[in-house]
Enquirer: 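Dropping a structure here in structure tokens format, bear with me for questions.
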Amino acid sequence: MTLILGIETSCDETAAAVVADGRDIRSSIVASQIDLHRKFGGVVPEIASRAHIQWLNDTIEQALDEAGVAGDQIDAVAVAHTPGLIGCLLIGVTAAKALSWAWDKPLIGVDHIQAHLAAVSMTLPQPPWPAIGLVVSGGHSSLYRADDFDRIELLGCTSDDAAGEAFDKVSSILALGYPGGPAIDRAAQSGNPKAVSFPRTMLAPGSLDFSFSGIKTAVLYHVHGPGKTSGGLERLGEQDIADIAASFQAAVVDVLVAKTMRAVEQTGVKTVTLGGGVAANGRLRRQMADTCAERGLTLHLPPMSLCTDNAAMVAGLGYHRLQRGYTSGLELEAIA
Ligand code: KG4
Ligand code: ZN
């Protein structure tokens, strides 16, 4: 059995987890900083990195305690070292290096987005590859073809805002609060997704890239009036807000599902996986499930706890990287 300690500090969650053999989650601690950032309406990088410094040691200790293992029983330390906020990544990378050195155990640098992509494999008896993986988070919207844990091809990505960023900004326009994704998801439940016709930006025929800045601007002008960036919200009732949230969400989900199907058609791969915070979205999960069922495709959805940022996915992918001989030296760098 191989026990991996995973560490995740790329953005606003301080997280540590202990995972056995890449699948068996012995503990997964996520200390969310949402309350620290709420009054600013978004993540403040300096506050986030300071909170990581304050919380990380306790979070790691709690992960080891809950798993019932001592530090020297850990076989390797995996850490998300890219991409993310540089000051935040540095805290996790430095802690991981210190533990790897003190325990004399391998250090494994893990790509945060690849960890989101691979997270669903932790719930399956066999890895789902080959698969088309849609990773949608606050920082990224990407489509991958994965043939193995270390054979990953980027098929398309966003040319401007990430899907989660669009949810967060639209939530802010509608004054629904922070973080925006869950707030829109909730408000949309009582809204009519056909109430407002927002653009579905598909880009060039065959393109697997995304663009979400147009829809964000469309919502902005719909609320404030053409060409305006403030005012007008007071004219809208609760039902109007719910309708806008539902219509926005429907447009984003239509694009995400359509592009995923384009990737399926272009590659012939018959398995689809989701990952990242936006993969927690109710409408995306339902619509992707319905579409895959209609087309006879296999869909694997991670549970909510593996969608948003966590360290179990970092330890999980760390295991597969260790198995394939990828370890990092103490010169491992944090890369924004
Ligand atoms: O993967 P994640 O936790 O962090 C990053 O790597 O960015 O993703 C966070 C993003 C945020 O933009 C948040 O608003 C969005 O995921 N999100 C959702 C939902 N839950 C979280 N978006 C839509 N619907 C949700 N239910
Ligand atoms: Zn993430």
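For ligands, and for the atoms within them, numbers begin at 1 and follow the listed sequence.
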Enquirer: Considering only heavy atoms of Gly139, which atoms of ligand 1 have at least one such atom less than 4.0 Å away?
Expert: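 Counting from 1, the qualifying ligand atoms are 7 (O).
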Enquirer: So, His116 and Asp309: side-chain donor and acceptor under 3.5 Å apart, yes or no?
Expert: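 Yes - a donor-acceptor pair under 3.5 Å links their side chains.
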Enquirer: For ligand 1, does Asp168 get within less than 4.0 Å through its side chain, its backbone, both, or neither, judged by non-hydrogen atoms?
Expert: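 It is the side chain that gets close, since no backbone atom is under 4.0 Å.
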Enquirer: Salt bridge or not between Lys259 and Asp209? Use side-chain N to carboxylate O under 4.0 Å.
Expert: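 Looking at Lys259 and Asp209, the cut-off is not met.
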Enquirer: Quick check: does Gly164 get an N/O under 3.5 Å from an N/O on ligand 1?
Expert: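 Indeed, backbone or side chain, Gly164 has an N or O that close.
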Enquirer: Is there a donor-acceptor contact under 3.5 Å linking the side chains of Gln239 and Asp243?
Expert: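 Yes, Asp243 and Gln239 have a side-chain donor paired with an acceptor closer than 3.5 Å.
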Enquirer: Identify the closest protein heavy atom to atom 24 (N) of ligand 1: which residue and atom is it, and at what distance?
Expert: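 Result for atom 24 (N) of ligand 1: Asn281 ND2, 3.0 Å.
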Enquirer: With only distance considered, is Gly277 within less than 3.5 Å of ligand 1 through an N or O on each side?
Expert: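 Yes - when backbone and side-chain N and O of Gly277 are compared with those of ligand 1, one distance drops under 3.5 Å.
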Enquirer: Any carboxylate oxygen within less than 4.0 angstrom of a Lys/Arg side-chain nitrogen, looking at Asp150 and Arg321?
Expert: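 No, Asp150 and Arg321 are not salt-bridged.
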Enquirer: Report, in ascending order of atom number, the atoms of ligand 1 lying under 4.0 Å from any heavy atom of Gly181.
Expert: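 Matching atoms, with element in brackets: 14 (O), 17 (N), 18 (C), 19 (C), 22 (N), 23 (C), 24 (N), 25 (C).
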Enquirer: Is it true that Ser10 and His112 share a donor-acceptor pair across their side chains at a distance under 3.5 Å?
Expert: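 His112 vs Ser10: donor-acceptor pair found between side chains.
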Enquirer: Going by distance alone, is a donor N or O of one side chain under 3.5 Å from an acceptor N or O of the other, for Gln249 and Ser247?
Expert: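 Per modelled atom types, Gln249 and Ser247 side chains form no pair under 3.5 Å.
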Enquirer: For ligand 1, is His116 a contact, meaning one of its heavy atoms is under 4.0 Å away?
Expert: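 So His116 counts as touching ligand 1.
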Enquirer: Once you round to the nearest 0.5 Å, how far does CD1 of Ile91 lie from CD1 of Ile53?
Expert: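 Rounded to the nearest 0.5 Å, the CD1-CD1 separation comes to 4.0 Å.
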Enquirer: For ligand 1, is there an atom lying under 4.0 Å from some heavy atom of Pro182?
Expert: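 Yes; Pro182 lies near enough to ligand 1 that a heavy-atom distance drops under 4.0 Å.
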Enquirer: Would you mind checking which non-hydrogen protein atom is closest to atom 3 (O) of ligand 1, with the distance to 0.1 Å?
Expert: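 Checking every protein heavy atom, the shortest distance to atom 3 (O) of ligand 1 gives Asp309 N, 3.0 Å.
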Enquirer: Are the charged groups of Lys105 and Asp75 less than 4.0 angstrom apart, N to O?
Expert: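 Between Asp75 and Lys105 there is no salt bridge, as every charged N stays at least 4.0 Å from the carboxylate O atoms.
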Enquirer: Ion pair present between Lys97 and Glu331, side-chain N to carboxylate O less than 4.0 angstrom?
Expert: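 Salt bridge between Lys97 and Glu331, a charged N being under 4.0 Å from a carboxylate O: no.
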Enquirer: Sorted by chain and residue number, which protein N/O/S atoms are under 2.8 Å from the Zn ion (ligand 2)?
Expert: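 Counting only protein N, O or S atoms under 2.8 Å from the Zn ion (ligand 2), the list reads His112 NE2, His116 NE2, Asp309 OD1.
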Enquirer: Heavy atoms only, cut-off 4.0 Å: how does Glu13 contact ligand 1, side chain, backbone, both, or neither?
Expert: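 Near ligand 1, Glu13 shows nothing, with every heavy atom at 4.0 Å or more.
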Enquirer: Within this structure, what is the NE2-CG distance for the pair His37 and Asp12, rounded to the nearest 0.5 Å?
Expert: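 Taking NE2 in His37 and CG in Asp12, the distance rounds to 5.0 Å.
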Enquirer: At a non-hydrogen distance cut-off of under 4.0 Å, which region of His140 contacts ligand 1 (side chain, backbone, both, or neither)?
Expert: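 Answer for His140: neither.
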Enquirer: Are a donor atom and an acceptor atom from the side chains of Asp160 and Ser211 found within less than 3.5 Å of each other?
Expert: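 Asp160 vs Ser211: donor-acceptor pair found between side chains.
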Enquirer: Any N or O on Gly138 sitting closer than 3.5 Å to an N or O of ligand 1?
Expert: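 For ligand 1, there is an N or O atom that lies under 3.5 Å from one belonging to Gly138.
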Enquirer: Is the contact between Asp185 and ligand 1 made by the side chain, the backbone, both, or neither, using heavy atoms and a 4.0 Å cut-off?
Expert: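 Just the side chain.
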Enquirer: Is atom CZ of Arg285 surrounded by more than 12 heavy atoms (other residues, nucleotides or ligands) closer than 6.0 Å?
Expert: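 Counting other residues, nucleotides and ligands, CZ of Arg285 exceeds 12 neighbours.
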Enquirer: How about Thr14 and His52: does a side-chain donor come under 3.5 Å of a side-chain acceptor?
Expert: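 There is such a pair between these side chains.
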Enquirer: Just jot down the ligand 1 atoms closer than 4.0 angstrom to any heavy atom of Thr308, in number order.
Expert: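 Near Thr308, meaning under 4.0 Å from one of its heavy atoms, ligand 1 has 3 (O).
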